[in-house]
S.K.: 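One structure coming up, written as structure tokens, with questions to follow.
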Amino acid sequence: MNNFFLALKTSFGFLSTIPVGITMEGLDELVKRSYLQTFAGVVLGIMIGVFAYITETVLPDQISAVLIMAFIYYLTGLNHLDGLADFGDGATAHGSLEKKIKALKDVALGIGGVGYAVLTLLALYASISALQAEAIFFSDNAAFILAVSLLVAEIGAKQAMLTVAAFGKPIHEGLGSMVINSTTFPRYVVSFILGAVASVLAFGTIGAIGYIASIVTAFVILNVSNRHFKGVNGDCVGTSNEIARVIVLIVITLVIIASNNGYGGVVWTLL
């Protein structure tokens with residue numbers, strides 16, 4: 001039981017800025033219980049959702065969107081965004097496999113990394129803004145729709161990381177390879193079911209659609225990583241977190257638009 005709580009505490013230390021501490025012993029216990037990363041995603045998503053609900057209720061949409069973004073990174077940290085930037089440097093590097101991996105692992109930030117990070121942040125702002133605009137026509141409580149959408153997005157982001165880890169092959173030793181090697185298929189299935197149940201409870205069929213979108217996103221990133229690097233590392237895993245969050249919000253927005261325009265009969269039937 002002590003090992004379980006150590007792993008639980010480490011999941012928040014690993015995936016957020018919450019000052020609970022993190023040790024190698026805790027990481028060892030966490031990778032044996034991958035589903036706890038999904039559980040942490042649920043808790044972090046609830047916190048983000050509550051913050052979004054409050055800001056959306058009392059502030060103009062544009063200000064609320066910026067504050068939500070700020071809170072997301074205040075709570076979850078910038079490690080995954082840094083991984084996305086490194087991924088961008090590696091993916092845009094020209095030349096041999098060795099040069100691409102060198103750019104991926106280089107601590108210096110290149111234009112490829114800047115481009116990937118900036119575009120993702122812009123996409124996050126645009127997806128939140130679009131969701132705010134459409135939620136008004138979808139429900140009398142638009143703030144709640146935004147909150148549960150952000151919850152599903154955070155669950156999906158964490159499950160996307162586990163998807164890349166479960167189906168990826170490490171390209172070098174490190175913390176990333178430790179997570180990748182320890183995310184076995186049975187452990188992945190448990191986390192997948194937990195994330196799916198949480199997403200459906202949060203937002204019904206729309207939550208399920210958003211959750212599936214995060215898994216598809218992870219496999220796309222895995223394919224890109226394999227083409228460029230012949231495998232994955234921690235940066236590739238972190239990249240899936242950042243991109244999946246945005247894709248989930250975009251997909252949820254598109255489903256809501258379809259419903260608002262009268263094309264959501266199938267969705268409503270399933271709800």
Side-chain angles (χ1 to χ4, degrees), residues 14-15 17 37 41 65-66 68-70 72-74 76-130 153-154 156-181 183 210 212-251 253-254:
F14 184 57
L15 296 173
T17 59
Q37 296 185 53
V66 171
I68 290 168
M69 288 180 62
I72 287 173
Y73 288 107
Y74 173 78
T76 65
L78 298 173
N79 287 339
H80 301 314
L81 186 63
D82 179 68
L84 171 66
D86 291 337
F87 183 89
D89 281 337
T92 57
H94 296 287
S96 64
L97 173 63
E98 289 72 20
K99 288 183 178 179
K100 285 182 171 291
I101 293 179
K102 181 179 179 181
L104 176 70
K105 296 169 63 177
D106 194 344
V107 296
L109 180 61
I111 188 62
V114 172
Y116 270 54
V118 169
L119 288 174
T120 300
L121 291 173
L122 287 174
L124 179 57
Y125 175 80
S127 62
I128 293 173
S129 296
E154 206 59 35
K158 301 304 176 276
Q159 192 59 37
M161 290 199 294
L162 288 172
T163 302
V164 172
F167 295 95
K169 178 182 69 175
I171 56 177
H172 60 76
E173 294 298 317
L175 179 58
S177 66
M178 186 174 110
V179 175
I180 294 164
N181 290 330
T183 308
I212 292 170
S214 73
I215 306 300
V216 173
T217 301
F219 279 110
V220 172
I221 293 169
L222 182 59
N223 178 263
V224 173
S225 299
N226 287 335
R227 284 195 290 110
H228 285 286
F229 314 119
K230 306 303 180 186
V232 299
N233 71 346
D235 293 324
C236 304
V237 175
T239 294
S240 66
N241 179 83
E242 296 301 306
I243 295 181
R245 180 190 288 126
V246 173
I247 295 299
V248 172
L249 292 174
I250 290 173
V251 168
T253 301
L254 292 176

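Positions are given from 1, in the same order as the sequence printed here. Computed from a predicted model, the values in this text were never measured in an experiment.
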S.K.: Under the 3.5 angstrom rule, does the side chain of Asp106 hit a backbone N or O of Lys102 as a donor-acceptor pair?
M.R.: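 Answer holds: no.
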S.K.: Between Phe87 and Phe229, how do the two ring planes meet: parallel, tilted or perpendicular, split at 30° and 60°?
M.R.: perpendicular
S.K.: Count the heavy atoms of every other residue, nucleotide or ligand shown that sit under 6.0 Å from CG of Asn79, and state whether that count exceeds 12.
M.R.: no
S.K.: Any side-chain heavy-atom pair from Asn181 and Pro170 closer than 4.5 angstrom?
M.R.: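 With C-beta onward as the side chain, the pair touches.
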S.K.: Please collect all salt bridge (charged side-chain N to carboxylate O under 4.0 Å, His left out) contacts where either partner lies in residues 78-92, sequence neighbours excluded, each pair once.
M.R.: none
S.K.: Please list every donor-acceptor pair under 3.5 Å in which a side-chain atom of residues 236-246 meets a protein atom from a residue at least two apart or in another chain.
M.R.:
| residue | atom | partner | partner atom | Å |
| --- | --- | --- | --- | --- |
| Thr239 | OG1 | Asp235 | O | 2.8 |
| Ser240 | OG | Met161 | N | 3.4 |
| Ser240 | OG | Val237 | O | 2.5 |
| Asn241 | OD1 | Lys158 | NZ | 3.0 |
| Glu242 | OE1 | Tyr73 | OH | 2.5 |
| Glu242 | OE1 | Arg245 | NH1 | 3.4 |
| Arg245 | NE | Glu154 | OE1 | 3.0 |
| Arg245 | NH2 | Glu154 | OE1 | 3.4 |
| Arg245 | NH2 | Glu154 | OE2 | 3.0 |

S.K.: How long is the straight-line distance from CG of Leu162 back to CD1 of Ile215, given to the nearest 0.5 Å?
M.R.: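 Those atoms lie 8.5 Å apart.
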S.K.: Identify the two heavy atoms, one from Val232 and one from Ser225, that lie closest to each other, and give their separation to 0.1 Å.
M.R.: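 Distance-wise, the nearest heavy atoms are CG1-CB, 3.6 Å.
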S.K.: Which pair of non-hydrogen atoms, one from Lys99 and one from His94, has the smallest distance, and what is that distance?
M.R.: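 Taking every non-hydrogen atom into account, CD-O, 3.9 Å.
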S.K.: On a heavy-atom basis, which atom in Val164 and which in Ala218 lie closest, and how many Å separate them?
M.R.: CG2-O, 3.7 Å
S.K.: Any idea which heavy atoms bring Gly210 and Val248 closest together, and the distance?
M.R.: O-CG2, 3.3 Å
S.K.: Would you say the side chain of Thr163 lies within less than 4.5 Å of the side chain of Thr217, judging by non-hydrogen atoms?
M.R.: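 Thr217 does not reach Thr163 side chain to side chain.
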S.K.: What's the spacing between Ile247 CD1 and Ile221 CD1 if we round to 0.5 Å?
M.R.: 8.0 Å
S.K.: Take atom OH of Tyr74 as the centre, draw a 6.0 Å sphere, and report whether it contains more than 12 heavy atoms from other residues, nucleotides or ligands.
M.R.: no
S.K.: At their closest point, which heavy atom of His172 faces which heavy atom of Ser177, and how far apart are they?
M.R.: O-CB, 3.2 Å
S.K.: With a 4.5 Å heavy-atom cut-off, do Thr76 and His80 have their side chains touching?
M.R.: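 No - every pair of side-chain heavy atoms lies 4.5 Å or more apart.
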S.K.: Any chance you could measure Ser129, atom OG, to Leu249, atom CG, to the nearest 0.5 Å?
M.R.: 11.0 Å
S.K.: Show me the side-chain donor-acceptor pairs of residues 117-128 shorter than 3.5 Å, one per line, residues at least two apart or across chains.
M.R.:
| residue | atom | partner | partner atom | Å |
| --- | --- | --- | --- | --- |
| Thr120 | OG1 | Tyr116 | O | 2.8 |
| Ser127 | OG | Ala123 | O | 3.1 |
| Ser127 | OG | Leu124 | O | 2.8 |

S.K.: Within the structure provided, determine whether Gln159 and Gln37 are in side-chain contact (heavy-atom separation under 4.5 Å).
M.R.: no
